[in-house]
Amino acid sequence: MIDRLLSGDLPRGRVLSFLVLAVVLALALAPILFPGQRNLDVAARICVFIVLVASYDLLLGYTGIVSFAHTMFFGIGAYGVAIASVRLGTGWDALAIGLIAALSLSAALALAIGLFSLRVRAIFFAMVTLAVASAFQILASQLSWLTGGEDGLTFRIPAVLTPGFRLSEEPILGVMITGRTLLYWGVFLVSASLFLVMLRMVNAPFGRVLQAIRENDFRAEALGYRTVVYRTSASVLSALIATLAGAMMALWLRYNGPATTLSFSIMVDILLMVVIGGMGSLYGAILGATLFILAQNYLQDLMKQAAAATQGVPLLPELLHPDRWLLWLGVLFVLSVYFFPSGIVGRLRGVER
Amino acid sequence: MTDAPILESRDLTIRFGGHAAVDGVSCAFSRGTLTAIVGPNGAGKTTYFNLISGQLPATAGQVLLAGEDITRLPAPRRARLGVGRAFQLTNLFPNLSVFENVRLAAQARAGAGLSLFRRADRLTDLADKAMACLERVALAGRREALAATLPHGDQRKLEVAIMLALEPRIFMFDEPTAGMSVDEVPVILDLIRRIKAEGDKTILLVEHKMDVVRSLADRIVVLHNGRLVADGEPAAVIASKVVQEAYLGVAASDG
């Protein structure tokens with residue numbers, strides 16, 4: 001059963017399996033284990049980013065394609081849902097129309113970029129994605145009548161998914177099950193399904209060809225594989241999944257703006273999560289995204305406590321001041337790349353081999 | 001053996017700048033024959049191979065496969081039409097297992113690459129075929145090793161196993177035994193002999209060792225400075241004056 005769900009690609013390694021299982025269980029039971037608006041926000045963000053990071057790993061880790069346009073597709077999904085909800089009025093039909101429009105746009109863009117530039121050298125593709133993504137970001141903030149510009153769009157979603165909705169008047173297992181909780185479980189289930197679908201794709205004949213292309217595209221061609229077709233398909237699939245992740249993000253926040261889904265700092269975050277987790281293994285996305293987003297959200301709290309605890313010691317409280325959290329995140333990143341060049345997953349698998 | 005050539009090059013030429021690396025080579029290969037292509041270093045043997053299997057575009061001339069012009073087809077198309085190639089400089093998927101290297105070739109042959117949701121490890125016919133090919137080159141015992149970790153001789157064998165899994169109509173071996181230890185060479189030579197014995201496979205072999213060429217080849221083609229300078233029965237070609245001067249003289253001085 002588990003073997004079938006995971007397409008025969010188990011995490012391998014006791015520590016790794018344990019960590020992955022722990023994260024998945026914690027996310028599944030987050031509304032019960034970690035009540036509170038903020039905790040649920042973090043959990044939902046982790047779910048969405050696991051999908052986003054895994055879909056990026058499909059390109060970077062499995063196929064060896066460097067793209068800077070991944071947040072563009074993330075943003076398209078989020079804008080699709082947001083714009084449709086604002087324009088067509090709140091409702092499931094608006095969400096569906098927005099999502100379908102977003103998926104179509106993403107597929108068309110990814111296909112165009114792929115066919116246009118994946119024939120040539122990798123660096124050229126990276127540059128084209130950078131240019132297109134920049135243009136899209138500027139467009140999104142300029143077309144303020146449609147996108148809300150820098151302020152973004154706030155929209156309403158069907159009432160069943162809002163905090164105001166109660167499944168029952170009595171708490172279940174000590175937790176009030178609100179529309180928000182239902183939405184969280186929806187996000188969790190969709191994320192988990194998308195992850196399993198990706199796991200299947202990388203273990204299907206298609207995914208094996210992607211790895212062959214990453215290893216030696218010249219040889220893959222000599223075997224008879226049209227590498228352009230495979231690279232472009234991978235890039236379209238990855239874009240579609242990023243779009244779905246974007247739609248979930250917007251749905252969860254009931255808001256979308258350039259800084260939430262389109263900005264380059266998110267692109268950098270995705271890169272860091274892939275590298276920290278471990279390229280070329282989807283399980284890396286689970287660990288990388290979880291670790292990174294936990295650090296992003298709770299490092300400041302930790303540091304506040306640490307700064308308070310070290311009051312009186314010279315210099316230390318200054319260094320541990322919550323405003324320095326980016327510095328420490330940077331240090332963590334450098335250390336993890338230095339000590340785990342193949343990511344957490346590569347490291348954990350290497351130890352037990 | 002049939003008379004209509006399965007593979008033919010007509011005035012095949014490639015120029016790099018002003019230099020013609022392959023210069024107007026016309027040559028036809030009949031089905032079921034083994035042709036050795038010899039010549040000194042830089043004669044254009046590997047370049048000629050690259051023109052036939054599509055890694056390089058011809059400047060002029062034609063390549064015909066079973067009478068059809070394939071000159072403008074890209075390498076993957078030619079591979080799917082049955083032009084198999086084992087490279088001289090080992091050309092593998094370094095961080096994939098030995099087994100996966102061959103399985104990918106079998107998968108390419110089966111045209112199953114675009115299947116998105118079937119599990120690759122459940123396609124047992126491909127796995128069986130890959131294992132059979134590994135057994136033919138005596139590499140079945142190393143199936144789990146990463147290709148990059150194999151010793152040089154084993155990498156050459158793997159290169160051959162990959163070509164076997166493609167089940168091509170044309171087998172192109174580019175110095176298959178170069179860099180192999182003495183006891184490994186017979187494995188590859190036996191394999192080539194067995195492919196030849198199947199009767200319908202056409203083999204092109206670039207090889208430096210004259211004893212190998214003499215024992216295997218039905219015919220020898222000599223390239224020199226990109227031109228075809230001799231073509232015929234092994235004994236006659238080796239004895240001919242032009243070859244003695246152009247090739248064997250050089251080979252002798254090389255040691």
Side-chain angles (χ1 to χ4, degrees), chain A residues 3-10 12 58 61-64 119 193-194 196-234 236-238 240-241 278-281 342 346 349-350 353, chain B residues 49-50 53-55 73-87 89-97 99-123 126-127 130 144 146-148 158-159 162-163 165-168 172:
Chain A
D3 181 75
R4 242 179 106 180
L5 266 180
L6 301 183
S7 307
D9 184 5
L10 295 138
R12 294 208 305 273
L58 228 48
Y62 281 89
T63 322
R119 295 173 179 280
S193 315
L194 286 174
L196 293 178
V197 166
M198 284 187 271
L199 200 57
R200 172 55 62 96
M201 288 196 307
V202 300
N203 287 293
F206 176 75
R208 300 294 183 85
V209 179
L210 297 187
Q211 292 170 58
I213 290 172
R214 173 195 71 198
E215 289 292 310
N216 187 345
D217 57 348
F218 174 82
R219 194 36 160 145
E221 291 240 318
L223 291 185
Y225 294 117
R226 282 165 297 172
T227 54
V228 185
V229 172
Y230 285 89
R231 282 192 172 123
T232 307
S233 312
V236 169
L237 287 168
S238 160
L240 289 178
I241 295 167
M279 283 193 278
S281 164
S342 49
R349 282 180 173 169
R353 196 169 274 171
Chain B
F49 266 24
N50 283 337
S53 55
Q55 273 73 32
L73 297 186
R77 276 294 295 281
R78 299 192 202 191
R80 277 178 275 137
L81 287 172
V83 180
R85 176 85 191 269
F87 290 90
L89 299 171
T90 303
N91 211 322
L92 305 165
F93 302 114
N95 295 312
L96 301 181
S97 71
F99 172 74
E100 181 64 13
N101 267 268
V102 184
R103 204 201 61 81
L104 276 163
Q107 180 181 293
R109 177 70 174 86
L114 280 168
S115 159
L116 261 176
F117 298 112
R118 275 191 305 178
R119 271 173 63 170
D121 59 349
R122 292 283 168 83
L123 302 175
L126 297 185
E144 293 303 328
L146 294 185
L158 179 55
E159 182 76 41
I162 289 174
M163 180 163 65
L166 282 176
E167 294 180 340
M172 302 173 77

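Reminder, nothing fancy here: chain letters follow the sequence lines and each chain counts from 1.
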Exercise. Non-hydrogen atoms of chain A under 4.5 Å away: do they reach the side chain of Ser115(B), the backbone, both or neither?
Worked result: both

Seminar exercise, completed: Of all heavy-atom pairs linking Met201(A) and Phe117(B), the shortest is CG-CE2, 3.8 Å

Problem set entry | Salt-bridge criterion met for Arg219(A) and Glu159(B) (N-O under 4.0 Å) | yes

Seminar exercise, completed: CG of Asn101(B) to CD of Glu215(A), rounded to nearest 0.5 Å, is 8.5 Å

Exercise. Taking Asn216(A) for the side chain and Leu92(B) for the main chain, is one N or O donor matched with an acceptor at less than 3.5 Å?
Worked result: yes

Exercise. How about Ile162(B) and Leu223(A): do any of their side-chain heavy atoms sit closer than 4.5 Å?
Worked result: yes

Problem set entry | Per-residue contact mode, Leu210(A) against chain B (heavy atom under 4.5 angstrom) | neither

Problem set entry | Non-hydrogen atoms of Leu114(B) and Tyr230(A) that approach each other most closely | N-OH, 3.5 Å

Problem set entry | Donor-acceptor pair, side chain of Gln211(A) and main chain of Leu96(B), under 3.5 angstrom | no

Problem set entry | Distance, nearest 0.5 Å, that separates CZ of Phe93(B) from CG of Asp217(A) | 9.0 Å

For this session: With a 4.5 angstrom heavy-atom cut-off, could you sort out which part of Arg103(B) is near chain A: side chain, backbone, both or neither?
Result: side chain

Problem set entry | Winner by heavy-atom pair count (cut-off under 4.5 Å) against chain B, out of Ala212(A), Gly207(A), Ala222(A) | Ala212(A)

For this session: Measure distances from Val229(A) to the heavy atoms of chain B and classify the residue's part below 4.5 Å as side chain, backbone, both or neither.
Result: side chain

Problem set entry | Side chain, backbone, both or neither of Arg109(B) within contact of chain A (heavy atoms, under 4.5 Å) | neither

Exercise. Is the number of heavy atoms from other residues, nucleotides or ligands within 6.0 Å of CZ (Arg118(B)) greater than 12?
Worked result: no

Exercise. Within a reach of under 6.0 Å around CZ of Arg80(B), are more than 12 heavy atoms found that belong to other residues, nucleotides or ligands?
Worked result: yes

Problem set entry | Atom group of Leu116(B) that falls short of 4.5 Å from chain A, counting heavy atoms | both

Exercise. Picking from Pro94(B), Ala105(B), Ala112(B), which has the most non-hydrogen pairs under 4.5 angstrom with chain A?
Worked result: Pro94(B)

Seminar exercise, completed: So, the part of Arg85(B) with a heavy atom under 4.5 Å from chain A: the answer is backbone

